[in-house]
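These numbers come from a predicted model, not from an experiment. One-based numbering, in listed order, for ligands and for the atoms of each.
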Amino acid sequence: MPSATGVRDSLMTARRGAGNEEDTVADDVIVFSKPYRSANESVLLQEVLDSGHIHGDGRFTASAATRLQELVGGGDVLLTTSCTHALDMASLLAEIGPGDEVILPSFTFPSAATAIALRGARIVFVDIDPMTGNTTADLIEPLITPQTRAISIVHYAGVGADIERVALLARDRGLLLIEDNAHGLGGEVNGRRLGSFGHFSTNSFHDTKNIHSGEGGALVINAEPYRERAEIIREKGTNRSKFLRGQVDKYTWVDIGSSFLPSELNAAVLESQLREFDQIQAKRFAVWNAYAAGLATWAEAAGAMLMDIPEGHAHTAHMFYLLMPDHDGQTALLAHLRARGVTGTFHYGALHMSPAGMRYGHAPRPCDAARSFSERLVRLPLWPDMSDEQIDRVLDAVTSFSLSTASAR
Ligand SMILES: *Cc1c(COP(=O)(O)O)cnc(C)c1O
């Protein structure tokens, strides 16, 4: 059964490799993901430690936020402790509450769902386009009711969703739009950056993401008048940010909130990675392009589908996945890769069928594409410093697989 923690599970599987009889090349397993090491990370961390300002909102928080603003093409950027927390902040700012409905793709990360359920609102699951894994305006529109307050979407694999039309739909129907941009930093649709369409967008800097700070995230606010309240919610419900800017002479409790700001240590690592954004992306694209070129012929023969990048979209090389013809094909390919020391993995289980999804939400229309996508998806290892030899090993492992030999075994 696919699980939402696929990434972490597969990393653990890779680490456990040495004790696993099935792994014939256990010492040489190609892991699914490997956190990038930036050149200046130790220097910047030392600077923070020496500065005496280790808590949040110091100079590296400010410089990282400015760099992120450029990558998203505007908006106000607030660093957070995670994307999950940025989604929680978006729900608080959107004043989502009991009696409200929020439309959410069934195929997404659980954090986007829990951000809705935590506010006591009802999740209305929407299906996805079977080619891209993303939802569309046409799928969302019939689910809008007088109770609908917001639409929350994801740009799966860093390939933009039908975001131009979804943004128009949200505007026409007076709904708030939340973009979970955890995969999409630097991606574009028709020249406009992902993360700039919604009232709010969120990023993740978990160490499996393109840019990381161990754990971390950001909330991007693209619409007035949320900035001031966002600062307060992020600072435990106090107006401390205003106080630090000298705009009030003491700070006090003014609203609900939590502690959503990361320390300067995390911000320093994030800053060091953002300085190398272009190199990181170039390295990821080299792997992605090698997979796309090396697997096209095999995919056609195997009846597998490679990622579909729609016209006008610039993706982020966040992941490389393929879709097998059926669930048995997924299981068989993953086993085949594992036996060759290559850590492939599945991804999210369809949320409308998950225990919490059934408790906190419902799917008014079938979400069969979400279920099928989840049951057929295989992701390949992709990290910036993969060697040509490792890329070739992955390609050999995939192209040596055929469904007929798999079922004959
Ligand atoms: C990783 C991820 C999250 C959660 O990010 P954290 O920073 O770990 O909280 C949310 N949504 C998507 C789409 C993700 O990939």
Side-chain angles (χ1 to χ4, degrees), residues 2-11 32-33 35-36 64 68 72 77-91 102 104-118 123 125-126 128 132-135 151-161 163 177-187 194-195 198 200-220 234 258-263 266-267 269-270 273 284 315-321 345-351 354 356-357 370 373-374 377 379 382-383:
S3 98
T5 50
V7 174
R8 285 152 205 176
D9 291 352
S10 59
L11 286 168
F32 177 72
S33 169
Y36 182 74
L68 286 168
V72 180
V77 177
L78 293 172
L79 294 197
T80 59
T81 31
S82 65
C83 183
T84 305
H85 274 168
L87 289 160
D88 285 344
M89 284 186 70
S91 282
V102 179
L104 180 78
S106 170
F107 188 72
T108 191
F109 194 77
S111 296
T114 203
I116 301 163
L118 268 176
I123 303 165
F125 289 110
V126 60
I128 55 167
T132 64
N134 281 320
T135 194
I151 300 167
S152 175
I153 61 128
V154 63
H155 302 295
Y156 186 65
V159 182
I163 190 66
L177 177 60
I178 300 162
E179 272 179 281
D180 180 348
N181 199 28
H183 303 172
L185 189 63
L194 302 182
F200 309 105
S201 71
T202 62
N203 283 101
S204 173
F205 306 117
H206 183 269
D207 75 6
T208 51
K209 304 294 156 64
N210 287 24
I211 300 293
H212 80 84
S213 58
E215 301 270 2
L219 176 70
V220 181
R234 181 170 169 271
S258 192
S259 187
F260 289 122
L261 72 164
S263 88
N266 293 79
V269 175
L270 183 62
Q273 299 247 330
R284 296 188 76 97
H315 73 100
T316 59
H318 174 58
M319 70 174 77
F320 190 97
Y321 69 77
T345 183
F346 44 76
H347 212 182
Y348 320 129
L351 291 179
S354 68
F373 205 84
S374 159
L377 184 93
R379 294 181 293 157
L382 202 176
W383 29 278

Proximal ligand 1 atoms for C83, defined as those under 4.0 Å from one of its heavy atoms: 4 (C), 5 (O), 6 (P), 7 (O), 9 (O), 10 (C)
Output yes when a side-chain donor or acceptor of H212 lies under 3.5 Å from a complementary backbone atom of Y36, and no otherwise. yes
Would G216 count as a contact of ligand 1 if the rule is a heavy atom under 4.0 Å away? yes
Please identify each residue that fulfils side-chain contact (heavy atoms from CB on, under 4.5 Å) with A317, with sequence neighbours left out. R284, F285, W288, H315
Working to the nearest 0.5 angstrom, can you tell me the gap between L68 CG and L185 CG? 6.0 Å
Verify, without hydrogens or angle tests, whether N181 (side chain) and N203 (backbone) share a donor-acceptor contact under 3.5 angstrom. no
Contact check: T108 vs ligand 1, nitrogen or oxygen atoms, below 3.5 angstrom: no
Step by step, would you call L219 with T202 a side-chain contact (heavy atoms from CB on, under 4.5 Å)? CA-CA 5 Å; L219 176 70; T202 62; 4.1 Å; yes
Which one of M319, H318, K209 has a non-hydrogen atom at the shortest distance from atom 14 (C) of ligand 1? K209
If you take the nearest heavy atom of each of E215, H183, H155, which one is closest to atom 15 (O) of ligand 1? H183
Measuring from atom 9 (O) of ligand 1, which candidate in T84, T202, D88 has the nearest non-hydrogen atom? T84
Of F32, F373, Y321, Y156, which is the lone residue that meets ring pair (Phe, Tyr, Trp, His ring centres under 6.0 Å) with H347? Y156
Quick note on ligand 1: atoms under 4.0 Å from a heavy atom of Y348 include exactly 13 (C), 15 (O)
The atoms of ligand 1 lying under 4.0 Å from a heavy atom of A182, numbered in the order shown, are 2 (C), 11 (N), 12 (C), 13 (C), 14 (C), 15 (O)
What's the spacing between F125 CZ and S354 OG if we round to 0.5 Å? 5.5 Å
Any H85 heavy atom less than 4.0 Å to ligand 1: no
Rounded distance [0.5 Å steps], OG1 in T81 versus CG in L261: 7.5 Å
Nearest neighbour of atom 5 (O) of ligand 1 from the list G158, G217, S204, A218, on a heavy-atom basis: S204
Atoms of ligand 1 under 4.0 Å from any heavy atom of V154, numbered from 1 in the order shown, are 13 (C)
